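Bear in mind that the values here come from a model prediction, so they are computed numbers and not experimental data.
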Amino acid sequence: AQKVTQVQTEISVVEKEDVTLDCVYETRDTTYYLFWYKQPPSGELVFLIRRNSFDEQNEISGRYSWNFQKSTSSFNFTITASQVVDSAVYFCALSEALFTSNGKLTFGQGTILTVHP
Amino acid sequence: NAGVTQTPKFQVLKTGQSMTLQCAQDMNHNSMYWYRQDPGMGLRLIYYSASEGTTDKGEVPNGYNVSRLNKREFSLRLESAAPSQTSVYFCASKYRDDNNSPLHFGNGTRLTVT
């Protein structure tokens with residue numbers, strides 16, 4: 001069965017520091033999909049990025065970057081020059097191949113990020 | 001475009017009471033899901049409906065029932081609420097045949113059972 005573990009439960013940084021949120025996953029499928037979601041204090045879940053198991057290219061979007069490494073089953077998320085608005089709970093999630101998962105996502109327990117001014 | 005709409009946003013129940021959480025999406029998605037969020041537990045799948053006319057249990061289905069009323073609507077019912085069901089409930093939807101597409105979530109229902 002699939003499993004997602006977010007290494008840090010809580011992280012506290014000062015504004016402008018870089019911060020990395022670690023995500024480790026387990027799956028028996030060779031085809032799978034990884035996601036990151038952000039949940040700000042207002043409570044909604046905001047989709048940030050997706051990656052499929054065949055694409056190990058790192059991705060950068062502004063201050064956000066993602067490092068996907070199949071060899072270590074990790075999909076880590078880095079925020080560069082953090083800002084107070086980055087304070088949120090961040091979730092890593094995994095979906096296996098369609099015929100086994102029916103699109104279900106398995107979530108990690110979340111990492112609470114607090115950025116202090 | 002409303003996306004995924006959940007009602008109500010907040011609800012307080014007494015132990016043993018029943019209620020139905022409503023969810024509707026206007027994105028023509030095939031698949032719909034109900035998750036609950038508890039501190040330190042992430043989001044856990046309660047039930048899902050891969051397509052209209054089908055429903056299946058997720059990780060934590062006990063104490064819940066669901067109805068896929070039509071392609072747009074997927075409701076979650078608590079027949080006899082218990083304090084352990086105090087949680088934030090999220091409905092989500094996606095296209096069934098594209099597993100690379102993300103789940104689209106509603107804004108959640110915060111339920112307290114006393």
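Side-chain heavy atoms closer than 4.5 Å link hydrophobic residues (I, L, V, M, F, W, Y) into clusters, and following such links, even through other members, never connects A/Val24 to A/Phe107. Side-chain heavy atoms closer than 4.5 Å link hydrophobic residues (I, L, V, M, F, W, Y) into clusters, and following such links, even through other members, never connects B/Tyr89 to B/Tyr35. Using a 4.5 Å cut-off between side-chain heavy atoms of Ile, Leu, Val, Met, Phe, Trp and Tyr, with links allowed through other members, A/Tyr64 and A/Phe91 fall into different hydrophobic clusters. Connection of B/Leu45 to B/Leu43 is established within a shared hydrophobic cluster, with ILVMFWY side chains joined at heavy-atom distances below 4.5 Å, either directly or through further cluster members. Hydrophobic clustering, with ILVMFWY side chains joined whenever heavy atoms are under 4.5 angstrom apart, groups A/Val19 together with A/Phe75.
Taking a 6.0 Å sphere around NZ of B/Lys57, one finds it holds 12 or fewer heavy atoms contributed by other residues, nucleotides or ligands. Counting heavy-atom neighbours within 6.0 Å of B/Arg110 CZ, excluding the residue itself, gives a total of 12 or less.
At a heavy-atom cut-off of under 4.5 Å, chain B is reached by A/Gln109 from residues 109-117 of chain A, listed in order of number. Residue-level contacts of residues 37-62 of chain A with chain B, in order of numbering, are A/Tyr37, A/Gln39, A/Gly43, A/Glu44, A/Leu45, A/Phe47, A/Arg50, A/Asn52; threshold 4.5 Å between heavy atoms.
Chain A forms the most heavy-atom pairs under 4.5 Å with one residue out of B/Val88, B/Asp38, B/Asn107, B/Leu103, and that residue is B/Leu103.
In the hydrophobic clustering (ILVMFWY side chains linked at under 4.5 Å, chained through shared members), B/Met41 stands by itself.
Residues forming a salt bridge (Lys or Arg N to Asp or Glu O under 4.0 Å) with A/Asp86 (at least two apart in sequence, or on another chain): A/Arg63.
Contact of B/Gln37 with chain A is made through the side chain alone, with heavy-atom distances under 4.5 Å.
A/Leu105 contributes atom CG, which lies 7.5 Å from atom OH of B/Tyr33 (distance to the nearest 0.5 angstrom).
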